[in-house]
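To keep things clear, I will list the structure first and then write my remarks on it.
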Amino acid sequence: MLPPGSTIGILGGGQLGRMTAMAAARFGYKTHVFANEADAPAAQVAAAVTVAPFGDAAAVARFAAAVDVATCEFENVPAAALRRVAATRPVLPRPDILEIAQDRLREKNFLRGIGIATTEFRAVGGPDELAEAARGLGRPAVLKTVRLGYDGKGQVMLDADTGAEEAWRRMGAAHGILEAFVDFRCEISVIVARGADGALACYVPVENRHKNHILHQTIAPARITPDLANAATAIACRIVEEVRLVGVLAVEMFVTTAGAILVNELAPRPHNSGHWTIDACVTSQFEQLVRAVCGLPLGSPERHSDAVMTNLLGREVANWRAVLDEPNAKLHLYGKSAVRPGRKMGHVTRLLPRREAPTR
Ligand code: AMP
């Protein structure tokens, strides 16, 4: 167990790191953030910061020497940097788990390998293979980059008349994955924490609504039947147990119109769809991560309120002042100075009385 006063290293400087650092500070831990800019959201609230690119081996080694344990707030930290830290300090979740989540093909093959359903997919290495894969899977289909895609970046929809050459060019990477389009009723996610002792703490499944491929709103709990909620929870628990993850994992899933659950993506870190846990649960996803990586017992994931979390994207943040007049709204701003379209600038969690039964 790492006692309060120890230093938690956080690879990545975004809002997930910021909220992790704030949870760590509440327990008396210090955080040391590795970020590419001194004013990054997490750097603003950390005790120490290393400002360097992940490719700077000497900076990564200095960072490792200065921390007691390290975690990631961003799943695309290059494997070489993760392994460099792991050579001298515990990195939790383990680098090999992060490497599965960094690669959509490995991720889907891993899920299939443990009997968890995903949408049909094909690996594609060029426009000819793409045309062939589209004939196999049918259209519409979604072409994605195998690596480094998030928030819909690097994704191209193949409609009946989209040319393979054009789609390949728009995707813009050397390796792609073509996925059958999922006709979904809703998108849900489950966040589960696993402690160093193997204990699990699972949050209730939540429903996610996207706008332009970016999360817009999370509704907690998801409006799904208890059977679906139980099945989704069982999937998330199965995954963390399989990889013996220590930390927090978010599992994004589709509920199809036929009522099946297909896993879309894994994120072995706190997740945007878990921000509501700060204000509506006994223990937030960020506190669970701190507890897990420090070898402390996990806290209760029980919610005392239902909640709707709304992201403040780009210029929507200008309306922050009005949120303060709402009695049941909690405002979170990430300290980002540059406003860009679609950029996650903050979020609002609106608390609601807790309902027992899902409504759908
Ligand atoms: P991702 O980057 O994989 O999380 O995808 C971002 C969003 O695009 C998802 O949350 C869905 O709304 C949509 N999407 C991704 N893949 C598919 C698919 N195979 N079928 C339908 N919608 C998808």
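Predicted model only: the values in this text are computed from it and were never measured. Remember, it's 1-based here, ligands and their atoms both numbered in the order they're listed. Count residues from 1 along the sequence.
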Check your understanding: With a 4.0 Å cut-off on heavy atoms, does A180 reach ligand 1?
Key -> yes
Just list the side-chain donor-acceptor pairs under 3.5 Å for residues 7-26, sequence neighbours left out, or say none.
{"from": "Q15", "atom 1": "OE1", "to": "K336", "atom 2": "NZ", "distance (Å)": "2.8"}
{"from": "R18", "atom 1": "NH1", "to": "P41", "atom 2": "O", "distance (Å)": "3.0"}
{"from": "R18", "atom 1": "NH1", "to": "Q44", "atom 2": "OE1", "distance (Å)": "3.0"}
{"from": "R18", "atom 1": "NH1", "to": "Y334", "atom 2": "O", "distance (Å)": "3.3"}
{"from": "T20", "atom 1": "OG1", "to": "L16", "atom 2": "O", "distance (Å)": "2.7"}
{"from": "R26", "atom 1": "NH2", "to": "E287", "atom 2": "OE1", "distance (Å)": "2.6"}

Review point. For ligand 1, which atoms have a heavy atom of H213 less than 4.0 angstrom away?
Key: 7 (C), 8 (O)
**Study point:** Gap separating the CZ atom of F254 from the CG atom of D183, nearest 0.5 angstrom
**Key:** 11.0 Å
Check your understanding: Quick one: which of Q155, H210, K211, E252 has a heavy atom closest to atom 1 (P) of ligand 1?
Key -> Q155
Point to revise | Whether R89 side chain and V67 backbone form a donor-acceptor pair below 3.5 Å | key: yes
Review point. Counting heavy atoms only, which part of V182 comes closer than 4.0 Å to ligand 1: side chain, backbone, both or neither?
Key: both
Check your understanding: For ligand 1, is there an N or O atom under 3.5 Å from any N or O atom of E265?
Key -> yes
Practice item. I would like to know whether H216 and H210 meet ring-ring contact (aromatic ring centres under 6.0 Å, His included); could you show each step before the answer? Key: CA-CA 5 Å; H216 164 56; H210 294 80; 9.7 Å; no
**Study point:** Point-to-point distance, once rounded to the nearest 0.5 Å, from CZ of R354 to CD of E302
**Key:** 4.5 Å
Check your understanding: Counting only heavy atoms, which portion of N264 has something under 4.0 Å from ligand 1: side chain, backbone, both, or neither?
Key -> side chain
